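Right, one structure below, let's go through it.
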Number of protein chains: 2
Amino acid sequence: MRPPGARGATLKDVADRVGVHPGTVSRALNPATQGMVNPDTVRKVQRAAKELAYRPNPMARGLKTSRSMTVGIIVPDITNPLFPPIVKGAEAVLTEAGYTCLIGNTDNDIDRERDVLEAFIGRQVDGLIVASAQLEDEVLRHAADGDRPLVLVNRRVEGARIPLVVGDDAGGMEMAVRHLAELGHTRIAHLAGPQFLSTGRARARAFRQSMHEFGLTVDPNLVLECATYSVEAGAAAAAALFEATDAESAPTAIACGNDQIAIGTCDVLRERGLRCPQDVSVVGYNDMPYVDKLAPPLTTIRVPHALLGAEAARIMLRLLTGEDTATSVISLPVELVVRGSTAPPR
Amino acid sequence: MRPPGARGATLKDVADRVGVHPGTVSRALNPATQGMVNPDTVRKVQRAAKELAYRPNPMARGLKTSRSMTVGIIVPDITNPLFPPIVKGAEAVLTEAGYTCLIGNTDNDIDRERDVLEAFIGRQVDGLIVASAQLEDEVLRHAADGDRPLVLVNRRVEGARIPLVVGDDAGGMEMAVRHLAELGHTRIAHLAGPQFLSTGRARARAFRQSMHEFGLTVDPNLVLECATYSVEAGAAAAAALFEATDAESAPTAIACGNDQIAIGTCDVLRERGLRCPQDVSVVGYNDMPYVDKLAPPLTTIRVPHALLGAEAARIMLRLLTGEDTATSVISLPVELVVRGSTAPPR
DNA sequence: ATGAAAGCGCTAACAG
DNA sequence: CTGTTAGCGCTTTCAT
């Protein structure tokens with residue numbers, strides 16, 4: 001009789017049943033070494049393994065091989081609709097390859113990021129996929145020096161050579177500005193995301209650049225940074241924007257750093273008796289779920305988040321198998337989705 | 001010089017540095033056994049451990065103790081806004097207690113549920129928190145017989161004694177119906193969630209019961225089941241509802257099985273030229289993020305999802321430490337949030 | 001082609 | 001209070 005804590009059959013159990021040595025069973029069951037054992041034995045071993053519902057103990061294996069077959073995925077906040085698709089995309093390809101994923105939240109706090117990172121490293125994860133990077137991220141810069149593969153997704157770190165998968169922020173913002181310019185807007189505002197995040201910075205830069213490109217001038221009073229990527233911060237910035245402008249100088253269109261900021265902006269518009277899109281057009285960024293159900297449905301830039309996650313995972317896999325030595329940087333195309341929140345100026 | 005795969009200092013490294021036996025170091029570092037070692041030695045060991053940045057190898061420890069200090073969390077779809085708060089709530093509690101979480105998606109597919117479950121059990125998780133349960137869930141009924149703690153969250157399984165944390169579905173639906181009844185509605189429809197899920201079933205049952213309670217009759221033509229908890233299925237059911245009724249028998253209010261169904265319903269209303277809430281009131285369920293931004297803002301039942309996750313994790317912890325032997329069933333109170341999608345009938 | 005044996009890093013039972 | 005020892009389940013080198 002097994003002790004109560006018994007977790008299942010071991011290699012030895014299988015060996016006993018077939019009447020061979022545990023080492024042989026190990027070889028027979030491992031596809032890589034299966035060639036060095038008698039096909040007959042292999043079959044018998046496989047049958048016995050199935051009968052006993054043998055499952056290799058990953059801890060024993062990991063202890064021996066010093067690989068855990070786990071990958072840590074670190075996100076700022078799984079509750080932000082942006083990140084679940086990234087996680088899901090990454091998890092799908094990693095699971096397929098036999099890896100299990102650990103998920104950690106940092107709440108955008110760099111101290112918690114370090115804690116999660118250390119916990120995962122303590123857990124012996126084989127690699128790390130990080131979506132919570134800040135532009136100045138010593139924690140990650142340091143982690144990148146370790147011997148453990150690190151892949152960034154969605155956000156980048158300044159001055160570190162780390163493999164990376166992002167959406168094309170510059171291209172996306174250019175589409176947004178072009179769309180507004182083509183509608184005939186000239187006084188276009190930008191409510192930027194936090195400038196300590198690469199997405200916030202890249203989109204803000206792209207905004208200015210695109211404005212020039214389309215022959216429009218950037219009014220400094222019409223470019224504000226939001227403290228966070230939230231509805232509240234977006235509303236606060238939008239309110240400040242209208243406080244600082246009069247009827248003459250007020251924008252007729254606003255390109256927002258992300259969808260939450262756009263939602264906050266629409267709230268403020270409503271409060272102030274301005275109609276969207278008739279009085280002010282608004283463009284979001286990300287195409288979060290259900291922003292097509294808002295009133296008006298939000299025009300936004302669609303980022304293929306699940307793909308981002310999947311690509312990051314593929315890079316991770318290549319890093320893990322040593323196939324890939326170069327530091328890949330992948331920028332995935334984004335897409336303008338025109339809905340009801342944008343229209344020509346009056 | 002360390003081999004390239006070196007993951008850090010071992011117990012032996014620390015022991016060598018202090019000049020004691022590895023066993024002593026183990027005792028000195030483990031709070032539970034720390035009492036049996038000379039305080040002086042403890043201090044020296046701790047210092048050495050810190051200097052060498054010693055981190056216990058969880059695989060070695062797990063191999064020995066046959067506990068992995070991991071808990072698997074299984075959700076239908078992390079991409080559904082309902083589940084991230086549950087995961088986050090559970091993770092916070094579990095992480096605090098030194099556990100690490102594995103997250104798995106089932107896509108509401110019972111075969112994938114089994115796969116994930118097996119993968120997690122293969123991973124030697126110490127316990128499982130499952131949010132993807134179906135009413136007839138052989139996989140889980142079977143898993144519950146194992147020696148590994150299992151806690152259900154949000155959804156239950158029929159006829160299995162498994163610890164459980166759910167929102168008060170009966171109470172929530174009663175609030176919804178009462179709200180509509182008090183507004184003066186009498187022809188109230190219910191677009192139910194899938195009846196193979198406990199939430200769908202419980203809310204449908206509560207709908208009928210509450211209707212009787214408030215002296216209203218349930219028109220069988222006004223109760224339809226949605227194939228899934230999605231916008232599309234909700235829209236399909238809503239369309240069917242209006243196809244099957246005429247101006248006389250059409251509902252003036254609809255209690256929906258969840259928010260997605262409510263969103264689909266509102267879409268159909270709009271298509272048919274019916275205004276919400278003037279012509280038809282709509283109540284959702286769950287209070288997903290941003291449903292307060294819809295037009296009209298959705299009246300709904302708020303379920304404390306993060307709390308659900310946290311409670312489930314607390315039960316898990318008690319099960320894991322053996323403190324708790326009873327099969328707890330916790331039903332958490334929900335709350336009616338009245339917004340713009342409900343009004344008196346005309 | 002297979003058996004034997006060592007050892008991954010840790011804990012725990014037993015000695016001293 | 002501390003050292004010794006055995007062994008968790010597996011992989012892998014070395015014999016045979």
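Every chain is numbered from 1, with letters handed out A, B, ... down the list of sequences. Reckoned from all heavy atoms, side chains included, excluding hydrogens, waters and symmetry mates. Keep in mind it's a predicted model, so treat the numbers as computed, not measured.
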Q) Can a donor-acceptor pair under 3.5 Å be found between the side-chain atoms of Arg27(B) and the base atoms of dG3(D)? A)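 Under the 3.5 Å cut-off, the side chain and the base do form a donor-acceptor pair.
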(Q) Whether the side chain of Lys64(A) and the base of dG9(D) hold a donor-acceptor pair under 3.5 Å is what I'd like checked. (A)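 There is none.
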[X] side chain N/O closer than 4.0 Å to the phosphate oxygens (OP1, OP2) of [N]?
X        : N       : answer
Ser26(B) : dT11(C) : yes
Arg61(A) : dG9(D)  : no
Thr41(B) : dC1(D)  : no
Thr24(A) : dA1(C)  : no

As a test of reading the structure: which of [options] is closest to the side chain of [X], going by heavy atoms?
X        : options                  : result
Pro56(A) : dC10(D), dT11(C), dG9(C) : dC10(D)
Leu11(A) : dC10(D), dG9(C), dT2(C)  : dC10(D)
Thr65(B) : dC1(D), dT11(C), dT2(D)  : dT11(C)
Leu63(A) : dG9(D), dT2(D), dG3(C)   : dG9(D)

What is the distance, to the nearest angstrom, from the [atom1] atom on [X] to the [atom2] atom on [N]?
X         : N       : atom1 : atom2 : value
Asp13(A)  : dC8(D)  : CG    : C1'   : 13 Å
His21(B)  : dA15(C) : NE2   : C1'   : 12 Å
Asp16(B)  : dG9(C)  : CG    : C1'   : 13 Å
Met36(B)  : dC1(D)  : CE    : P     : 10 Å
Arg67(A)  : dT11(D) : CZ    : P     : 12 Å
Gln124(B) : dC8(D)  : CD    : P     : 14 Å
Asp40(B)  : dT2(D)  : CG    : P     : 9 Å
Leu29(A)  : dT2(C)  : CG    : P     : 14 Å

(Q) Has Asp16(A) got a side-chain atom pairing as donor or acceptor with Asp13(A)'s backbone, closer than 3.5 angstrom? (A)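 Flag not set: sc Asp16(A) to bb Asp13(A) has no pair under 3.5 Å.
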Q: Using the closest heavy atom to pick a nucleotide of DNA chain C for each, name whichever of Ala60(B) or Gly23(B) lands nearer the 5' end.
A: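 Counting from the 5' end, the first nearest nucleotide belongs to Ala60(B).
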So, [X] and [Y], do they make that salt bridge, N to O below 4.0 Å?
X         : Y         : value
Arg114(A) : Glu138(A) : no
Asp40(B)  : Arg43(B)  : yes
Arg141(B) : Glu136(B) : yes
Lys88(B)  : Glu91(B)  : no

